[in-house]
Amino acid sequence: MNQESHTFDPHVIQERWLSVWDEIEPFNSAKENDLREKKYVLDMFPYPSGDLHMGHAEAYALGDVIARYWVQKGFNVMHPIGWDAFGLPAENAAIKRGENPRTWTYANIATQKASMRNYACSFDWQRVLNTCDPEYYKWNQWFFLQMYKQGLAYRKASAVNWCTSCQTVLANEQVVAGLCERCDSVVTKKNLTQWYFKITDYADRLLDDMQQLEGNWPDKVLLMQRNWIGKSVGAEVEFEIEGLSKSVTIYTTRPDTLYGATFFVVAADSDLALELVRGTSVEAEFHTYLEKVKQTSEIERLSTTREKTGVFLQRFAINPVNGEKLPIYASDYVLADYGTGAIMAVPAHDQRDLEFALTFDLPIRIVVESDENPITSRTATSDDGIHINSGSLNGLNTSQAIEKVIEELAKENKARKSVNYRLRDWLISRQRYWGTPFPIIHCPACGEVPVPETELPVQLPDASGLDLSPKGSSPLGAAKDWLEVPCPECQGPAQRDSDTMDTFVDSSWYFLRFLDPNNHEKPFDSQLAKEWLPVDQYVGGVTHAILHLLYARFFTKVLFDMKLIEFNEPFTRLLNQGMVLMDGSAMSKSRGNLVALSDELAKHGVDAIRLSMVFAGPPEDDVDWADVSPSASKKFLARAWRLAHDVTSEPGTDPREGSVEVRRLTHKLMHEAGLAVESYRFNVAVAKSMELVNGIRKAIDSGVSTSDPAVREGVESLAILLSLFAPYTAEDMWQVLGHPPTVMLAGWPTIDQALLVEDTVTCVIQVLGKVRDRIEVAADISESDLIAQALETEGVKRHLVGKNIKTV
RNA sequence: GCCCUUGUGGCGGAAUCGGCAGACGCGGCGGACUCAAAAUCCGUUUCCGAAAGGAGUGGGGGUUCGACUCCCCCCGAGGGCACCA
């Protein structure tokens, strides 16, 4: 062995193997006649906003552990990658640099792709896709048209979320605490006619099918989805309006408190409010109020300290249970788009109603008994209790009263059980350039006309010559040559829809396109979907817990109903990796990348960075790079690598002829490492590899020959285990051990169960739950012998001055 | 405000089942090699105590022969939702 072979230089090793792997393609999942069982491991695809950063390095290191493990276990693993390439950052960068978003995007994709290759991601490079390729977004348009035909895509006018900075509308899910998810700017309301997907039709299935995911998805994500869908069970109740031949329906979860209603509120921005106020003397006052409401920003509206506001509409609603006249107010604390946009107000038992009552000096009537008095405490009581002041409901508890009042009112057709959801339809229009154009033509004579499927894709016109700056309407509106087309139906002059689709449409089905990314006939092949899907393991950030995952689940259900696929949940198992922090603060493009991945890779090598990411802690926890020591990882890899050089036997020796001690260690640790990987305890699996290195080194130091076949077996196992975290080092070790490449396909060693059973065990002896002594005994010792021996130990004798009652 | 998660050495973290707390690593300390340093290797490292021994998994209580693990209350940290009637 020469001098050079004992110096571990990660960069030399990296140079050695990249081109070899390119040739072997160990992770090509589409080879002919591959009989291995299939598994689909998917990493959330990246946005090409620049080169890879520390966050990518963590995510892909983790995804790789799983993918590489299943390959070693003998599966044909599909682990594809692509780019989520449409969207605002490209457009904003292009505006800033006076560049074309297309040029910028493809340049970044090339950079990231090269970095991923160097990072040794186990991606199947045959299956790459970019969502901004017409070949891809053609199918967004196709899906849109299918959904349009089924009434699942529709256009409506309503007050929508408007980002004042991006100058575009946002989906409900993209408004975070009143601010734009992307740029943190103030969000206001704007009345616009926009495209929606009818995700609310699927609310119940999105909720119910989560049962399948229980235990396989993080509880946190399931809970967030449940809360987001927000199913609520209650009743609708009819209230007559005095002096109008009209009744108004309200929604309530507490119909039992009907006797406690002392006023009535309609959403200020609802059509109902307009209708009710018409002809009264407060019309002008109402409109002034309405204007003020419309200008209120989301954050202001949501402020908890904000005083309740409203206008008395000079109308009265008749309470169906007792005929009382309730004054009707218009206020912004009632939402126009939830329930019916109108409520009965029960100030004693609803905090919001109580605050309104206190502000407007309205009566408060207690109808459910409680220790606290809402009038004096200024806190509404919402607990269950015995009903009082409630006519026929007196003496009943809450659930009994709910049943009874609905039953009674139902006889007069004045109430019925009802279910509501927080979930709103998915607003998919965006007033920006870099996205999928809607395949719809607006004709003055025929209305909305779908572009014929044979004419798809509707390609984006070139950006040059277009003003992409945000101005509240789509830049495509100015592309006259593109915009103005004959109507497909009447051939008269018509215009394309100039908005583009939310990029979450792109990512709602990309996992299907990977099956067949070059299929020109259809979005994907149903037979391939049957073979590969659903995704066995999905890996990505928890930031997508609601948006992306909800939308992808929705798409899956729609495709299921279209009979294109036979499963109704897309991702069987989900792992949310944590974030990479530096000294406690998040690293991101906007906050400045505190640590540059490229610098770290240059300093320590790819394997040391990957190993550090995996070893830092449980994958779902955040990693603080300040707590991580990549140089220690490098040191460990060098130690493992040197061990391979110490092996002096030839490949193919029979390990059964070697040291039993070393074999025990190897088999036990490999067994535990496998279990650790399967239960996402990757950091523990790394620890096992360290124990293996330490153990073999110690064995050699204490006299086991370097030519012992068990030493070879141990180091070979080590190389296979390390191939999950440190592929370059593992491959080099494999070569040093005398094997041809590649260690990636070496196969997980078979664990000899007999070696997992010890001959002797250390028995710990406790007295009153405290460890008092320990003895080395044969593993098959009888209970009576063990008890006898235990009673003879010093530690036990010392602590048994009294008498013993039980022994275990 | 409501909901969820979490709390273990100086630090990151281990501990399938209720059964040796602190695996593995960082950092620290001591040593070997070296003229010296780097690299490497060995030992040690929860706390109190010289030792015997005792205490110890945020705090308090409970169940149990036995609790980091299960139950109740409290405190701290992180996250989600936030006028959804």
Side-chain angles (χ1 to χ4, degrees), chain A residues 6-8 176-178 218-232 234-235 250-255 257 261 265 267 298 301-304 306 308 331-346 349-353 355-356 379-380 382 420-424 542 545-546 611-612 615-618 620-633 635-636 638-639 642 669 672 675-676 678-679 681 683-694 697-698 701 762-774 798 804-808:
Chain A
H6 281 82
T7 311
F8 178 74
V176 178
D219 291 343
K220 187 174 140 184
V221 173
L222 293 176
L223 188 77
M224 279 166 76
Q225 295 237 340
R226 240 173 231 125
N227 289 343
W228 190 264
I229 296 165
K231 182 174 183 168
S232 118
I250 60 113
Y251 173 73
T252 178
T253 52
R254 292 294 299 274
T257 61
V265 189
E298 279 294 292
R301 208 179 64 79
L302 297 175
S303 163
T304 42
R306 189 158 164 262
K308 291 278 182 284
S331 174
D332 64 354
Y333 88 89
V334 171
L335 305 176
D337 57 352
Y338 182 80
T340 58
I343 63 152
M344 63 163 184
V346 185
H349 306 296
D350 182 283
Q351 189 60 29
R352 297 151 301 185
D353 296 346
E355 283 161 19
F356 194 90
T379 306
S382 54
N420 263 290
Y421 301 90
R422 259 179 51 109
L423 183 71
R424 308 294 146 88
V542 73
I546 298 175
L611 191 83
S612 299
F615 185 53
E620 43 296 77
D621 288 5
D622 289 347
V623 176
D624 196 325
W625 201 244
D627 296 330
V628 167
S629 174
S631 56
S633 298
K635 209 166 88 178
F636 162 70
R639 213 162 113 82
R642 264 185 268 116
L669 290 173
E672 291 171 354
L675 290 180
E678 288 182 32
S679 54
R681 285 142 52 235
N683 53 328
V684 177
V686 173
K688 298 299 169 193
S689 74
M690 291 172 170
E691 284 187 63
L692 190 51
V693 170
N694 294 344
R697 172 60 62 202
K698 193 158 228 160
D701 286 353
T762 307
C763 179
V764 175
I765 303 148
Q766 299 181 353
V767 178
L768 288 171
K770 299 261 186 227
V771 178
R772 294 309 182 187
D773 220 321
R774 53 196 69 186
R798 204 168 43 234
N804 60 338
I805 305 154
K806 284 164 198 169
T807 32
V808 174

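Keep in mind that this is a model prediction, so the values were computed, not measured. Every chain is numbered from 1, with letters handed out A, B, ... down the list of sequences.
Here the P atom of nucleotide B:C26 and the CG atom of A:L611 are 11 Å apart, to the nearest Å.
Donor-acceptor pairing under 3.5 Å is recorded for the side chains of A:N694 and A:R639.
Taking the P atom of each, B:G10 and B:U46 are spaced 10 Å apart, rounded to whole Å. One P atom belongs to B:C71, the other to B:C17, and the distance between them is 14 Å to the nearest Å. Here, B:C24 and B:A15 have their C1' atoms 12 Å apart, quoted to the whole Å. Between B:G1 and B:C74, the distance separating the two P atoms is 14 Å to the nearest Å. Annotation: B:A37 and B:A52 have their P atoms spaced 36 Å apart (nearest Å). A distance of about 38 Å separates the C1' atoms of B:C65 and B:G78, rounded to the whole Å. As rounded to the nearest Å, B:G18 and B:G66 have C1' atoms that lie 8 Å from one another.
Contact between the side-chain N/O atoms of A:R226 and the OP1/OP2 oxygens of B:C81 is not found at any separation under 4.0 Å. Within the structure, a side-chain polar atom (N or O) of A:S232 is placed less than 4.0 Å from OP1 or OP2 of B:A85. Between A:R639 and B:C41, a side-chain N or O to OP1/OP2 separation shorter than 4.0 Å is present.
When both distances must be under 3.5 Å, the Watson-Crick or G-U wobble mate of B:C81 is B:G1. In this structure, B:G22 makes no Watson-Crick or G-U wobble pair, since no nucleotide meets both defining distances under 3.5 angstrom.
Taking the centre and axis of the six-membered ring of A:F356, the NZ or CZ atom of A:K308 falls outside the cone set by 45° and 6.0 Å.
Residue A:I546 places its side chain closer to B:C81 than to any other of B:U40, B:U16, B:C81.
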Write down the protein N/O and nucleotide N/O pairs, taken from nucleotides 7-13 of chain B, whose separation is under 3.5 Å; answer none if there are no such pairs.
| from | atom 1 | to | atom 2 | distance (Å) |
| --- | --- | --- | --- | --- |
| B:G12 | O2' | A:A616 | O | 2.6 |
| B:G13 | O3' | A:N683 | ND2 | 3.3 |

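Within the 3.5 Å criterion, the main-chain N or O of A:V346 finds a donor-acceptor partner in the side chain of A:D353.
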- What string of B, S and - do you get for nucleotides 27-32 of chain B, 5' to 3', if B is base contact, S is sugar-phosphate-only contact and - is no contact with any protein heavy atom under 4.0 Å? ------
